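Given the structure is predicted, the values throughout are model-derived calculations rather than measurements.
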Amino acid sequence: MAKKTTDFRYNTGATRVPWAAVGENYNVSDLMEIIRFLMQGEGKEYDDALEAVWQQVKKLDAIATPPGKLSLGNKVEEAEKKCNDYLGTTSSTFVTNATAGFEIAYKYANLKPGDEVIVPAITFVATMAYPLAVGAKLVFADVDTKTLNMDPKDVERKITDKTKMIVPVHIGGYPVDMDPIIELARKHDIIVLEDAAHAFGAMYKGRKIGTIGDFAAFSMHEVKNITSFGEGGILTTTIPGFEDEMKRARFLGLDFSCPIKDWLYNITPIKGKEAPFVPGNASTTEIQGLGLTLQIARNEEIIDIRRKAAAYLTERFKENDAIIPQDLGNEEIKPTFHLYLLQIDPVKAGGDIQILKKKLEEKGVTQIAHFGPLYRFKIVQDMGYNADEIAKTCPNCEEVFYKRFTHLPLYGLSDEQLCYMADAVLEAVSEMQQGI
């Protein structure tokens with residue numbers, strides 16, 4: 001029977017002997033397990049409802065056909081278009097995760113041993129993984145005590161003639177002060193890669209994060225404000241001419257513009273800043289694309305819920321001046337409120353954040369200082385870095401991490417839970433002040 005295939009790797013058009021683009025399709029039993037996973041429950045009422053769904057899905061299966069592609073198809077393209085529309089860019093490229101996006105940007109910069117990359121002292125390990133892997137030198141910028149973001153003034157102090165990249169991280173979705181960083185980068189011909197893992201939808205001076213630096217990578221991991229079925233990332237660029245290259249950089253450099261003799265395509269290197277580079281494979285699935293498209297549509301609603309929760313906590317914490325609440329932004333700075341930054345003044349509080357964290361744990365409040373000093377990790381020290389010497393150059397990082405801050409959750413909480421959390425923080429700080 002004639003069949004029109006949908007994958008460039010095999011037959012095109014009608015064929016009497018088809019070669020399936022999808023090796024083994026998911027069947028109706030598989031689909032039910034996916035439904036069971038996505039909509040979990042127990043008890044007779046749940047089992048009865050699941051059985052009713054099973055009967056209807058079997059009817060649907062009798063008249064349905066499976067998808068012709070599971071990766072890099074229309075749903076991925078739709079997700080990228082939705083991202084472009086939302087961010088106001090034309091370069092959104094859907095990749096396996098933000099880390100994969102970082103790697104493409106680092107490769108574009110032709111990062112090599114001896115090159116220096118300035119990263120914030122506090123962030124997730126993914127920010128520094130590629131430079132560390134290729135032997136580039138990590139230079140740790142101290143943090144701004146108000147936001148925990150990279151301090152532009154310290155960045156300026158630490159730029160040398162070997163600095164190749166600056167990687168600002170929008171911690172908790174609060175935008176970094178980008179103007180001075182971009183100014184420094186242009187002055188010294190340095191690539192700026194924004195780690196925007198928490199910042200999908202954040203605004204800086206009228207511009208969406210993702211449209212300011214040379215590159216920006218967002219995370220759609222399961223814990224982020226929106227997700228693409230657990231993993232995924234979006235990479236954007238403002239570099240003229242590199243948008244199309246990013247699509248090829250995502251999938252091994254496939255090039256249909258100049259196929260080799262008697263074949264469908266060529267494999268060509270990706271154009272880097274100074275030299276071509278070899279791409280990897282960071283392609284994504286159609287299910288991930290669909291999931292991201294659906295959640296982008298409600299991102300503003302999600303941010304608004306988070307903003308209101310943050311505003312409630314900030315208002316409540318005014319009751320005790322030992323508590324330094326989350327800054328809520330302003331007309332120019334609009335965070336995504338992925339995390340709530342809670343800080344204390346150790347002198348006024350009668351103790352440091354480590355005491356407060358233990359008290360909050362005892363009261364049943366889940367909280368965590370989301371990231372620690374990168375230079376304290378064994379992997380960094382085993383690569384020849386001296387943590388104590390670096391710490392001397394990052395006094396703010398040492399102070400805020402060990403004495404001042406933790407993060408609180410903002411989403412998925414009832415009004416009662418949000419109220420209890422605020423009460424618990426206030427009570428715990430009061431106990432510290434009373435020496436209890």
Side-chain angles (χ1 to χ4, degrees), residues 83 86-87 97-99 101-102 120 122-127 143-144 146-150 167-178 193-204 207-213 216-236 291-292 295-314 317 324-330 332-343 365-372 400-401 405-413 417-418 421-422 425:
C83 285
Y86 182 74
L87 296 172
N97 46 52
T99 309
F102 299 156
I122 291 178
T123 182
F124 185 50
V125 63
T127 310
V143 299
D144 179 283
K146 176 183 175 183
T147 64
L148 302 191
N149 284 335
M150 172 183 278
V167 190
V169 181
H170 307 288
I171 296 288
Y174 194 99
V176 175
D177 187 8
M178 291 299 299
L193 162 62
E194 295 180 72
D195 180 339
H198 298 169
F200 190 74
M203 298 281 291
Y204 175 82
R207 294 169 288 174
K208 280 273 176 69
I209 295 300
T211 64
I212 300 171
F218 302 94
S219 173
M220 276 65 188
H221 180 265
E222 65 178 1
V223 302
K224 301 305 188 295
N225 287 16
I226 62 172
T227 182
S228 48
F229 283 105
E231 267 290 4
I234 289 289
L235 178 66
T236 61
L292 181 55
Q295 294 211 354
I296 288 172
R298 48 186 195 266
N299 192 50
E300 286 301 312
E301 177 185 347
I302 292 166
I303 292 175
D304 188 56
I305 293 170
R306 289 173 172 273
R307 181 187 299 111
K308 288 175 180 175
Y312 170 79
L313 293 177
T314 291
F317 294 154
I324 305 169
Q326 163 84 53
D327 183 88
L328 301 177
N330 49 55
E332 290 193 332
I333 304 297
K334 297 184 183 300
T336 62
F337 301 98
H338 176 60
L339 302 169
Y340 186 90
L341 176 60
L342 173 68
Q343 296 196 67
V365 174
T366 301
Q367 43 71 45
I368 183 173
H370 212 68
F371 303 122
V400 295
F401 180 73
F405 93 91
T406 189
H407 286 118
L408 300 176
L410 284 171
Y411 197 66
L413 303 175
Q417 289 170 324
L418 198 60
M421 182 164 62
V425 171

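The closest side-chain donor-acceptor pair between Tyr411 and Asn225, if any, does not fall under 3.5 angstrom.
Tyr86 meets the ring-ring contact (aromatic ring centres under 6.0 Å, His included) test with Phe200; sequence neighbours excluded. Checked against salt bridge (charged side-chain N to carboxylate O under 4.0 Å, His left out), Asp304 has the following partners two or more places apart in sequence or in another chain: Arg307, Lys308. Take Ala199 and apply the side chain to side chain contact (heavy atoms under 4.5 Å, CB included) test, not counting sequence neighbours, and it matches His170, Ala196, Ala202, Ile209. By the side-chain hydrogen bond (donor to acceptor under 3.5 Å, both in side chains) test, Tyr312 pairs with Arg316, sequence neighbours left out. For Thr336, the side-chain hydrogen bond (donor to acceptor under 3.5 Å, both in side chains) test picks out no residue, with sequence neighbours left out. Considering only residues two or more places apart in sequence or on other chains, Gln367 meets the side-chain hydrogen bond (donor to acceptor under 3.5 Å, both in side chains) condition with Thr406. Looking at residues two or more places apart in sequence or on another chain, you find a side chain to side chain contact (heavy atoms under 4.5 Å, CB included) between Glu231 and Asn97, His221, Gln288. With sequence neighbours excluded, the residues that form a side chain to side chain contact (heavy atoms under 4.5 Å, CB included) with Leu339 are His198, His370, His407. Among residues two or more places apart in sequence or in another chain, the side-chain hydrogen bond (donor to acceptor under 3.5 Å, both in side chains) test is passed with Thr227 by none. Shown here are the salt bridge (charged side-chain N to carboxylate O under 4.0 Å, His left out) partners of Arg298, two or more places apart in sequence or in another chain: there are none. Residues forming a side chain to side chain contact (heavy atoms under 4.5 Å, CB included) with Thr147 (at least two apart in sequence, or on another chain): Asp144, Asn149, Tyr174.
Distance CD/Gln326 to CG/Leu341: 5.5 Å, rounded to 0.5 Å. From Ile303, atom CD1 reaches atom CD1 of Ile305 across 10.5 Å, with rounding to the nearest 0.5 Å. Rounded to the nearest 0.5 angstrom, Ile333 CD1 and Asp177 CG are separated by 7.0 Å. Phe218 contributes atom CZ, which lies 8.5 Å from atom CD1 of Ile234 (distance to the nearest 0.5 angstrom).
Across all their heavy atoms, Phe102 and Ala217 have their closest contact at CE2-CB, 3.3 Å. Heavy atoms only, all atoms of each residue included: Gly173 and Pro175 are closest at O-CD, 3.4 Å. When every heavy atom of Phe337 is checked against every heavy atom of Leu328, the shortest pair comes out as CZ-O, 3.5 Å. Contact detail for Phe401 and Ala369: the closest heavy-atom pair is CE1-CB, 4.1 Å. Closest approach of Glu194 to Gly213, counting heavy atoms only: OE2-N, 2.7 Å.
Using a 4.5 Å heavy-atom cutoff, the side chains of Leu313 and Leu418 are in contact. Between Thr211 and Thr236 there is no side-chain heavy-atom pair separated by less than 4.5 Å.
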